[in-house]
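Data first, discussion second: the structure below is written as structure tokens.
So you know, we letter chains A, B, ... as the sequences are listed, proteins then strands, and number each from 1. We use all heavy atoms of the structure for the numbers below, so side chains are in, but hydrogens, waters and symmetry mates are not.
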There are 2 protein chains.
Amino acid sequence: MSGIEDVARGAGVSKATASRALTGHGYVAAATRARVRRVAEELGYVPSSSASSLATGRTRNIGVVMPYLNRWFFAEVLEGVQAVLLAEGFDLTLYDAKPGTEGRRRVFEDFLARKRFDGLIAVALEPDDHELERLVGIGRPVVSVVSDSEEASVVRLDDVHAARRATAHLIDLGHERITFLGGVSDHDGPHVDRERLGGYLSCMRGAGLDPRHIPSDVSLPGGYDAAVDLLSDPERRPTALVAACDEVAIGAIIAARRLGIAVPSALSVVGIDNHEYSDMFGLTTLEQSPREQGAAAAELLLEQVRAPDAARTEMRLQARLIVRGSTSPPPGVRSVAVGAVP
Amino acid sequence: MSGIEDVARGAGVSKATASRALTGHGYVAAATRARVRRVAEELGYVPSSSASSLATGRTRNIGVVMPYLNRWFFAEVLEGVQAVLLAEGFDLTLYDAKPGTEGRRRVFEDFLARKRFDGLIAVALEPDDHELERLVGIGRPVVSVVSDSEEASVVRLDDVHAARRATAHLIDLGHERITFLGGVSDHDGPHVDRERLGGYLSCMRGAGLDPRHIPSDVSLPGGYDAAVDLLSDPERRPTALVAACDEVAIGAIIAARRLGIAVPSALSVVGIDNHEYSDMFGLTTLEQSPREQGAAAAELLLEQVRAPDAARTEMRLQARLIVRGSTSPPPGVRSVAVGAVP
DNA sequence: TTGTAGGCGTTATCAT
DNA sequence: ATGATAACGCCTACAA
């Protein structure tokens with residue numbers, strides 16, 4: 001393992017010059033720089049990151065705090081973040097903080113306190129817990145994905161808007177009996193689910209329609225189970241479903257098929273996400289791109305890492321409607337209503 | 001930010017004693033230790049990881065190299081690894097190395113060379129590329145998950161065995177026209193897929209049956225598309241399917257349902273994985289637990305990190321058959337054959 | 001049992 | 001444009 005001293009000796013200069021030549025900070029004659037770099041190359045010199053972190057105070061490492069790794073949204077965000085960091089030469093260290101676990105406590109108490117990072121990306125921390133504020137308190141730049149924050153920069157989908165658009169799409173098609181599937185309630189459960197439910201409720205009320213919410217686990221099996229329940233009673237059956245997310249929507253489509261209910265002629269379904277499976281199920285949905293959100297968050301963060309006084313930024317993305325085959329006018333309605341519902 | 005010097009001063013001892021009291025290395029009077037620790041607590045002392053890494057040569061950080069983050073298997077492995085590391089106070093830095101990308105090259109050339117870790121977990125590196133050997137060459141302990149290696153410790157499923165068991169299960173039930181669905185071929189594509197196909201082939205031949213392989217993308221939509229193709233021709237239709245993995249199997253089940261082919265009465269399907277969705281689809285499968293594999297890999301690695309001369313270990317796991325509703329005797333066969341097929 | 005002092009490998013300040 | 005030299009914060013012989 002050759003250190004910078006070996007490089008310096010090999011190039012016939014001092015450690016200081018070698019360091020300048022290698023990092024690019026400060027004046028070095030072009031010829032010397034070239035010579036130093038060549039020697040470094042020959043020796044296979046790799047700077048010790050702990051030594052340079054100690055000297056500079058910067059780690060070239062970004063921390064990512066996430067409650068789950070094995071869900072589509074989170075894995076996609078992570079890939080987006082990773083791609084940008086990789087390109088910029090930053091490491092990524094992952095802090096898995098499952099809600100309500102001892103491990104999460106440790107992440108906040110012990111791990112994050114070590115500050116082995118120049119900045120932090122926090123994904124979907126629940127705002128109620130004020131954890132985001134604690135992260136900001138650590139004293140490194142923080143970018144929040146999903147959750148709003150007064151202090152940190154934010155990258156997120158406008159979930160209320162997405163749910164309103166989904167609902168409006170069905171209303172435009174002529175549906176009146178539209179049920180929202182998934183989540184706990186509008187005052188409990190994950191914040192995202194609540195906002196989506198809220199968007200649906202306000203859109204329904206604005207159109208003078210009766211809203212109805214069937215709770216379910218926000219997952220494919222959750223959507224399946226709840227939909228089997230809901231759809232098997234012909235009396236209660238709606239003509240359309242707004243799902244809390246694509247996985248729930250797909251669960252519902254699978255349930256409908258099993259029960260012999262044709263989609264979309266007997267039942268329309270809209271999701272939110274544009275999940276990787278949505279295309280295969282012909283699901284009409286509101287697209288959000290978690291990968292791009294992750295990439296945007298990483299870029300925002302690096303800016304702040306480089307210019308510590310950079311302004312806090314907020315990106316609130318509008319989902320784009322992708323119409324596929326899972327939605328159509330309800331049974332008995334043949335023409336499509338015109339005009340957008342707010 | 002108080003350093004160890006502040007703690008030492010506060011406790012009325014030297015930096016050396018403070019360090020010993022805090023790390024637990026070397027003799028310190030119980031009373032002094034308590035006092036030092038109390039002062040450290042009061043001051044909110046957090047050791048600088050770069051300084052202690054520089055001094056000790058250890059980072060308390062583990063690197064994980066993975067080709068994908070957004071697939072079920074990989075995300076599960078990662079969660080297993082993370083859980084163990086978290087409990088042991090180790091950080092996890094993630095190196096996303098997508099096959100055949102510029103990013104992957106950089107991971108190997110630049111990032112890993114920095115050695116910001118005490119050990120490495122490599123998941124599903126293709127053996128042909130000899131990347132595993134390069135990782136071992138870095139000079140830190142390496143544990144490989146999935147891929148075999150002469151030099152690194154290995155945690156993996158016995159894929160050949162799993163596929164044989166899956167096939168044998170169908171043969172036991174009386175099936176003869178059994179098709180393998182998924183992957184490229186037995187001499188191309190990811191190694192895992194090849195081994196599974198190989199297990200199927202050898203089991204079929206051993207039973208004197210004609211094997212048949214339908215390639216497909218190893219994913220849910222891939223399984224769906226290939227199955228639609230295969231099943232829509234009644235002439236060619238097999239009575240049973242061994243899928244390269246559960247996602248392919250589920251895709252096939254969905255395809256069968258769409259085509260009105262009853263599972264299992266007209267078509268049996270076996271998968272390999274026990275994916276989170278498998279239960280919902282009543283899929284008979286061979287269970288592997290990627291989360292446990294990840295945890296085992298992490299534990300193995302930490303052992304080696306702590307005792308650098310620890311022996312190389314190899315864990316080859318046997319999948320357990322979980323019989324659900326997707327398999328039954330073929331049409332026309334009512335009793336189940338007895339006796340295992342090798 | 002505790003303290004002293006040197007070293008870990010870089011970077012950065014200040015002369016030259 | 002380059003070279004000494006002092007941090008950076010902690011650990012660990014070795015000495016006391």
Side-chain angles (χ1 to χ4, degrees), chain A residues 1-37 39-40 43-61 89 91 110 113-118 139-140 306, chain B residues 1-37 39-40 43-61 89 91 110 113-118 139-140 306:
Chain A
M1 284 304 79
S2 39
I4 202 172
E5 182 141 25
D6 304 296
V7 176
R9 195 178 316 117
V13 296
S14 70
K15 287 199 308 177
T17 306
S19 174
R20 280 185 298 247
L22 261 11
T23 59
H25 293 232
Y27 293 105
V28 185
T32 350
R33 169 166 33 241
R35 187 154 34 92
V36 170
R37 293 214 166 140
V39 173
L43 264 47
Y45 166 73
V46 178
S48 148
S49 52
S50 29
S52 77
S53 296
L54 183 57
T56 60
R58 0 207 62 237
T59 60
R60 291 196 73 74
N61 183 37
D91 274 5
D110 305 345
R114 288 183 206 152
K115 299 199 238 194
R116 292 174 59 134
F117 40 77
D118 297 334
R140 297 269 185 281
R306 284 161 180 158
Chain B
M1 284 302 77
S2 39
I4 203 173
E5 180 141 27
D6 304 296
V7 175
R9 195 178 316 117
V13 297
S14 71
K15 289 199 305 177
T17 305
S19 173
R20 280 185 296 248
L22 261 10
T23 60
H25 293 231
Y27 294 104
V28 185
T32 347
R33 171 168 29 244
R35 187 153 35 90
V36 170
R37 293 211 165 143
V39 174
L43 265 46
Y45 167 73
V46 178
S48 148
S49 51
S50 29
S52 72
S53 296
L54 183 57
T56 61
R58 356 207 70 237
T59 60
R60 291 195 75 71
N61 184 37
D91 274 4
D110 305 345
R114 288 183 206 152
K115 300 199 236 191
R116 291 173 59 135
F117 40 76
D118 297 334
R140 298 269 186 280
R306 284 162 181 156

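Here the closest non-hydrogen pair linking Ala51(B) and Leu54(A) is CB-CD1, 3.8 Å. Summarising the geometry of Arg60(B) relative to Asp118(B), their closest heavy-atom pair is N-OD2, 2.8 Å, with the distance given to 0.1 Å.
Whole-Å rounding puts the Lys15(B) NZ to dG6(C) P distance at 12 Å.
Under the 4.5 Å side-chain criterion, counting only non-hydrogen atoms from C-beta, Val46(A) is in contact with Arg114(B). Using a 4.5 Å heavy-atom cutoff, the side chains of Ser19(B) and Ile4(B) are in contact. Put simply, the side chain of Arg116(A) does not reach to within 4.5 Å of the side chain of Arg116(B), judged on heavy atoms.
No side-chain donor-acceptor contact under 3.5 Å links Arg20(B) to the backbone of Val28(B). In this structure, Arg140(A) contributes its side chain and Phe117(A) its backbone to a donor-acceptor pair below 3.5 Å.
Residues from residues 49-59 of chain A lying near DNA chain D, meaning a heavy-atom separation below 4.0 Å, are Leu54(A), Ala55(A) in numerical order. In the region residues 23-37 of chain A, proximity to DNA chain C at under 4.0 angstrom, judged on heavy atoms, holds for Thr23(A). Of the residues in residues 1-13 of chain B, those lying under 4.0 Å from DNA chain C by heavy-atom distance are Val13(B).
The phosphate of dT4(C) (OP1 or OP2) has no side-chain N or O of Ser14(B) nearer than 4.0 angstrom.
In this structure, the separation between NZ on Lys15(B) and CG on Leu22(B) is 13.0 Å, given to the nearest 0.5 Å. In this structure, the separation between OG on Ser2(B) and CZ on Arg9(B) is 10.0 Å, given to the nearest 0.5 Å. To the nearest 0.5 angstrom, Ser53(B) atom OG is 8.5 Å from Asn61(B) atom CG.
In terms of the salt bridge (charged side-chain N to carboxylate O under 4.0 Å, His left out) criterion, Arg37(B) has no residue partners (sequence neighbours excluded).
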Mind listing the N/O atom pairs, protein and nucleotides 13-16 of chain C, below 3.5 Å?
none

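For DNA chain D, the contact window with chain B, defined by any atom under 4.0 Å from a protein heavy atom, covers dG9(D) to dA13(D) in 5' to 3' order.
Side-chain contact annotation: Ser14(B) with Thr17(B), donor-acceptor N/O pair under 3.5 Å present.
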